[in-house]
4 protein chains.
Amino acid sequence: MPLSDKQVKTMEQKREKILQQAIILFAQQGYESTTIAKVAKASGVSFGSVFTYFENKDQLFYHAVTEPLETKYRTTLLDFDPEAEDILAEIKSMIDKHIRTFIEMHTYLQLVVQVIGQHTKFPEPFKILDDFSLEFILKLQQIIRNGQKSGVLEESDEDLTATAYMGFLLGIRLTFTDYAVSRIWEQLKIPAFQLLYPKR
Amino acid sequence: MPLSDKQVKTMEQKREKILQQAIILFAQQGYESTTIAKVAKASGVSFGSVFTYFENKDQLFYHAVTEPLETKYRTTLLDFDPEAEDILAEIKSMIDKHIRTFIEMHTYLQLVVQVIGQHTKFPEPFKILDDFSLEFILKLQQIIRNGQKSGVLEESDEDLTATAYMGFLLGIRLTFTDYAVSRIWEQLKIPAFQLLYPKR
Amino acid sequence: MPLSDKQVKTMEQKREKILQQAIILFAQQGYESTTIAKVAKASGVSFGSVFTYFENKDQLFYHAVTEPLETKYRTTLLDFDPEAEDILAEIKSMIDKHIRTFIEMHTYLQLVVQVIGQHTKFPEPFKILDDFSLEFILKLQQIIRNGQKSGVLEESDEDLTATAYMGFLLGIRLTFTDYAVSRIWEQLKIPAFQLLYPKR
Amino acid sequence: MPLSDKQVKTMEQKREKILQQAIILFAQQGYESTTIAKVAKASGVSFGSVFTYFENKDQLFYHAVTEPLETKYRTTLLDFDPEAEDILAEIKSMIDKHIRTFIEMHTYLQLVVQVIGQHTKFPEPFKILDDFSLEFILKLQQIIRNGQKSGVLEESDEDLTATAYMGFLLGIRLTFTDYAVSRIWEQLKIPAFQLLYPKR
DNA sequence: AATGAATGAGGCTTCATTCAT
DNA sequence: GATGAATGAAGCCTCATTCAT
């Protein structure tokens, strides 16, 4: 007797709730300090139920790191067209989206930074992040190259520039507090654009 | 019976060795995964000796975070003169020093990022870092302002620019691998300079 | 609504399947290492179904230990006639049957040995086994006594001899591997017979 | 500063105490039902101390199975000389020793039987036992062969006879209770001897 | 000061049992 | 009757800290 649709839905919601709380806790308290008991309490499920949805703590962490990227951020961050007609408008729209997204990603980025910083401890999730960053940089290089070709951007080493741009996004989000960033996020577009060497 | 000079020196070296290894381990494996036993083994001292030199694990972490800043990085990072005669040369020299230092700080920065990301878990060391970053930014703002006054830099919000510059330094070091960075660090001066809006 | 014959039969088969797999798992992995989930999987029934047929794990174990004895081995092992006319032929036939049965009982005997060895942990199944062994020994004593009376066996303490014989059957099955035993089981009749002090 | 002799001695005694209690508990309650907490309590040490002396539960079990064999039983059980002058006396003395030892081994044998019965669960300790049993049987074969040569024993397949003899020792100890065995152990020499086909 | 054994609290994980569907 | 999600008790193990030597 298979589970009813209603049951399946409830379970999906439960899994989602657990994952959301796990992301927050892992981000704020780190891998070890986040106990399964805390996750269970925060999600309003019993201790044992966490293991119904995730094989073990390692897997929970893995999904906490990879699922937001796959289901949300990957699409948004790669949502720009290096071949756009109006390349300047595309670049500005891209920057706007990137800044906005990185600001929204705050909690998630703390997770990302842990994985990157201690990548020997977290090889599997690190691989996912590393692969994505490569993909991201490659697409950035394309739009930069096209910006240069069409005379919108000055000449520069596109690899260096793309990496600098990505580093800036990451660094800025780690430097600013939530409060500070909310006041000035609109302005952050300016140095981000500047990093791409806009023609004047 | 007072300790002889030789004894004092040996003890100081022992303490230093423990601290060095603790920094590496805390940076690479995180606070919880770094056990006292691991630190002792890596430093070549006995388990109990760690407690002779550091009250407890918390204190060891605190010193691992604060001492390198106080004894090494603070001086180097603040070693520029906003009132220099040749302000352009001073800025370029500053950037050179900053890039070089941030690259060397790799391991230490992983520690810093942990503290910042999980600052509720580490309030005391966080305060030290936070205070320094404020001081750093304020001094950056001064040199930027003077650069603008003397016509070397274009006009920009100096608070925003200083923070962007610092975020860039941090982000770049988290983005690049050791290998990648060693090949191109010279070039990183270019986008760093660009972030300050140099006049052309 | 009473169950149809077909339904009853299906259920009986299901119960039997569960019990068979439980016997194997309990025998090979022990009581604690045998989980209900493993039994369910091995029997091809759902997890919950195990509890439909057996009240709890304890009961499942109890039935795994007692049912094979009651339904199979008791009859076979006691199937000899101390009052037989040709007592020598009866003894030889008995030994043949015993050896053959003990060899076939391999898996089940591992269960038996667990219960005997840890009888404080398993008092109820132990009682069943203990009662049977008493009954077995008593009947062995009878045939031994009659063998002695009719001059087929030499004089010996029949209690001691019966117990030695039973111990031999058990010990031999624990000592030999399946492979070894299959090659030589025919020969095992010789020392078994010897233990009864045959007249030459 | 190394540990003093006194400390070392205390530690050795502690280890021994833990091992003794572990043997008893493993034998009577089985591997899984024997918890580290029970062992600690029975040995009068703290929970954590068990791990000071044994890496983990598996290792504790391994040593519980192998050490008594190596330090006590191996020597005693192999202490007979197949080349003895008076081979009959040697055989009788051997049987006496074996019966006596197997009776004393009661608790330990329950451990042995667990390992043999569930050898897939305990491959390492099983190997040790298996190797010993091979060695034991080989030496038994020698003395049997010499007994036959010198006309003390009737002809028989020495491999079969040796194995039957060993199986008997094991089985008898599993069949009899402590009480029963204490009353009759002297008599058990008789069927054991009989198993070797003594000449009359 | 140096050493490392002793302690037990706390975390992950397993699993029998319950129960809603 | 059949199914499998939910629950939490219990076990193994780690590790910071203490303390005797």
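Below, read A as the first sequence line, B as the second, and so on, with proteins coming before strands; counting in each chain starts at 1.
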| Residue mapping more 5' on DNA chain F - nearest nucleotide basis, B:Y31 or A:G44 | A:G44
| task | Please tell me if the side chains of C:L111 and C:F61 come closer than 4.5 Å, counting only heavy atoms from C-beta onward. | result | yes
| Run the side chain to side chain contact (heavy atoms under 4.5 Å, CB included) check on D:K17 and D:V45 step by step: do they pass? | CA-CA 9 Å; D:K17 182 82 184 174; D:V45 304; 5.9 Å; no
| Atom CD in A:E12, atom OH in A:Y53: separation rounded to 0.5 Å? | 9.5 Å
| field | Out of E:dA2, F:dT14, F:dT21, whichever nucleotide has its closest atom nearest the side chain of D:F47 | value | F:dT14
| B:K127 and B:D131 ion-paired at < 4.0 Å | yes
| query | E:dT3 P sits how many Å from B:K14 NZ, rounded? | reply | 5 Å
| query | If you measure only the distance, is there a donor-acceptor pair under 3.5 Å linking the side chains of C:N56 and C:Y62? | reply | no
| For the side chain of C:T35, counting heavy atoms from C-beta on, which of E:dA2, F:dC12, E:dC15 is nearest? | E:dC15
| field | Minimum-distance nucleotide to C:F51 side chain [options: E:dT17, E:dT13, E:dA5] | value | E:dT17
| note | Between D:G48 and C:V45, the residue closer to the 5' end of DNA chain F by nearest nucleotide is C:V45
| Phosphate contact (F:dT3 OP1 or OP2) by C:S49 side-chain N/O below 4.0 Å | yes
| In whole Å, what is the span from the CD atom of B:Q29 to the P atom of F:dT14? | 15 Å
| remark: To the nearest angstrom, the NZ-P distance between C:K41 and F:dT3 comes to 16 Å
| Quick one: which of F:dC12, E:dA5, E:dA2 gets closest to the side chain of D:I36? | F:dC12
| query | With both distances kept under 3.5 Å, what pairs with E:dT21, Watson-Crick or G-U wobble? | reply | F:dA2
| message | Among E:dC12, E:dT3, E:dT17, which nucleotide has an atom closest to any side-chain atom of A:K57? | response | E:dC12
| message | Could you tell me how far apart C:Q59 (CD) and E:dT17 (P) are, to the nearest whole angstrom? | response | 10 Å
| task | Would you tell me if any nitrogen or oxygen in the side chain of C:Y53 comes within less than 4.0 Å of OP1 or OP2 on F:dA2? | result | yes
